[in-house]
Colleague: 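I'd like to ask you about the structure that follows.
By convention here, the first residue in the shown sequence is residue 1.
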Amino acid sequence: MRTIILLALLGLFSTAHAEIYRWTDAQGRVHFSERPRQGAQQVEVKPQVIQRDEQVRQREANMRRLQEVRGEERAAEQLQQAEQRARQQAYCDGLNNELARYDKRIYWYEEDSSGKKVEISPERVEERKMKLQTLKRERC
């Protein structure tokens, strides 16, 4: 970064001190060059200094603030999107883990109203598994 700034400053100073020469050729056309020629006259080039009024400076300051706010909004939006992707990934991982459990187990149980374990029918297990697969297809 320092190198770029140094090169920019050197370029600025080299062009600020450049000598410009003007001459007219045999056809009457005017030419300008950085190298002197026979019959060429040195031209003094003054840099144009632009004075900005208060209104222009205020607009520039407003534009800088707007760019800063937009940058902050983009950063917040990107953070929110990253969090949303993380939540989505966690949800999909949970579905995958649940589906893996269905593939590993042979018997399924649930508690009835008295707290006793009752075996779930294979059809009902398959129905739950299909529901999880549908959720996975729709949301992951």
Side-chain angles (χ1 to χ4, degrees):
M1 184 67 178
R2 287 182 179 175
T3 306
I4 293 172
I5 294 172
L6 181 61
L7 290 175
L9 288 174
L10 287 175
L12 179 66
F13 287 122
S14 66
T15 58
H17 297 292
E19 295 177 350
I20 306 293
Y21 298 94
R22 175 182 177 221
W23 77 94
T24 307
D25 64 12
Q27 288 80 25
R29 289 180 285 196
V30 178
H31 297 274
F32 294 90
S33 174
E34 293 177 351
R35 296 190 184 101
R37 301 185 98 148
Q38 187 175 11
Q41 298 173 342
Q42 186 172 355
V43 179
E44 183 179 347
V45 179
K46 296 179 182 177
Q48 182 180 6
V49 178
I50 300 173
Q51 294 293 327
R52 297 183 311 241
D53 61 1
E54 181 60 31
Q55 188 178 18
V56 173
R57 286 193 295 271
Q58 186 65 37
R59 277 191 304 231
E60 289 172 348
N62 289 343
M63 186 60 72
R64 279 192 298 275
R65 281 193 297 259
L66 178 63
Q67 289 172 345
E68 289 172 4
V69 168
R70 285 183 178 166
E72 291 169 2
E73 287 173 350
R74 276 193 297 272
E77 186 178 315
Q78 289 172 349
L79 179 62
Q80 185 180 18
Q81 288 173 351
E83 290 171 351
Q84 185 177 3
R85 282 192 301 269
R87 284 191 303 271
Q88 179 70 20
Q89 186 62 45
Y91 176 77
C92 292
D93 290 345
L95 286 178
N96 286 332
N97 290 339
E98 189 71 23
L99 284 169
R101 285 183 42 215
Y102 276 90
D103 291 336
K104 292 178 183 175
R105 292 179 73 176
I106 298 173
Y107 300 107
W108 287 87
Y109 299 95
E110 64 182 16
E111 291 184 10
D112 63 3
S113 59
S114 64
K116 184 178 175 185
K117 285 188 176 183
V118 179
E119 185 176 346
I120 301 174
S121 70
E123 293 82 21
R124 191 160 172 203
V125 170
E126 190 61 31
E127 180 182 312
R128 287 184 179 181
K129 183 177 177 182
M130 293 298 287
K131 186 175 180 180
L132 286 174
Q133 288 172 340
T134 303
L135 282 174
K136 181 180 174 184
R137 276 193 305 274
E138 289 174 356
R139 299 184 183 178
C140 298

Colleague: Can you tell me how far CZ of Arg64 sits from CD of Glu68, rounded to the nearest 0.5 angstrom?
Modeller: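 Taking CD in Glu68 and CZ in Arg64, the distance rounds to 8.5 Å.
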Colleague: Write down the atom of Lys129, the atom of Leu99, and the distance for their closest heavy-atom approach.
Modeller: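 Minimum heavy-atom contact is O-CD2, 3.8 Å.
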Colleague: Using 0.5 Å steps for rounding, measure from the CD atom of Gln89 to the SG atom of Cys140.
Modeller: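 Between Gln89 CD and Cys140 SG, I get 7.5 Å after rounding to 0.5 Å.
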Colleague: Are Trp23 and Ile20 joined in one hydrophobic group, where the rule is that I, L, V, M, F, W and Y side chains link up if heavy atoms are under 4.5 Å apart?
Modeller: no
Colleague: Among Gln55, Glu60, Glu54, find the residue that satisfies the side-chain contact (heavy atoms from CB on, under 4.5 Å) test when tested with Gln58.
Modeller: Glu54
Colleague: To the nearest 0.5 Å, how far apart are CD in Glu19 and CD in Glu34?
Modeller: 10.0 Å
Colleague: Do Leu66 and Met63 come within less than 4.5 Å of each other through their side chains, counting heavy atoms only?
Modeller: yes
Colleague: Distance from Asn62 atom CG to Arg57 atom CZ, nearest 0.5 Å?
Modeller: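 Going from the CG atom of Asn62 to the CZ atom of Arg57 covers 13.0 Å.
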Colleague: Looking only at heavy atoms, what is the nearest atom pair of Cys92 and Arg139, with distance?
Modeller: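 That would be SG-O, 4.1 Å.
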Colleague: Would you compute the distance between atom CD of Glu126 and atom CD of Gln133 and round it to the nearest 0.5 angstrom?
Modeller: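 Separation between the atoms: 7.0 Å.
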Colleague: Can you find a heavy atom in the side chain of Glu123 that is under 4.5 Å from one in the side chain of Glu127?
Modeller: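 Contact flag for Glu123/Glu127 side chains = no.
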Colleague: Assess whether atom CD of Gln84 is packed by more than 12 heavy atoms of other residues, nucleotides or ligands within 6.0 Å.
Modeller: no
Colleague: Roughly how far, to the nearest 0.5 Å, is the CD atom of Glu98 from the CZ atom of Arg128?
Modeller: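 CD of Glu98 is found 9.5 Å from CZ of Arg128.
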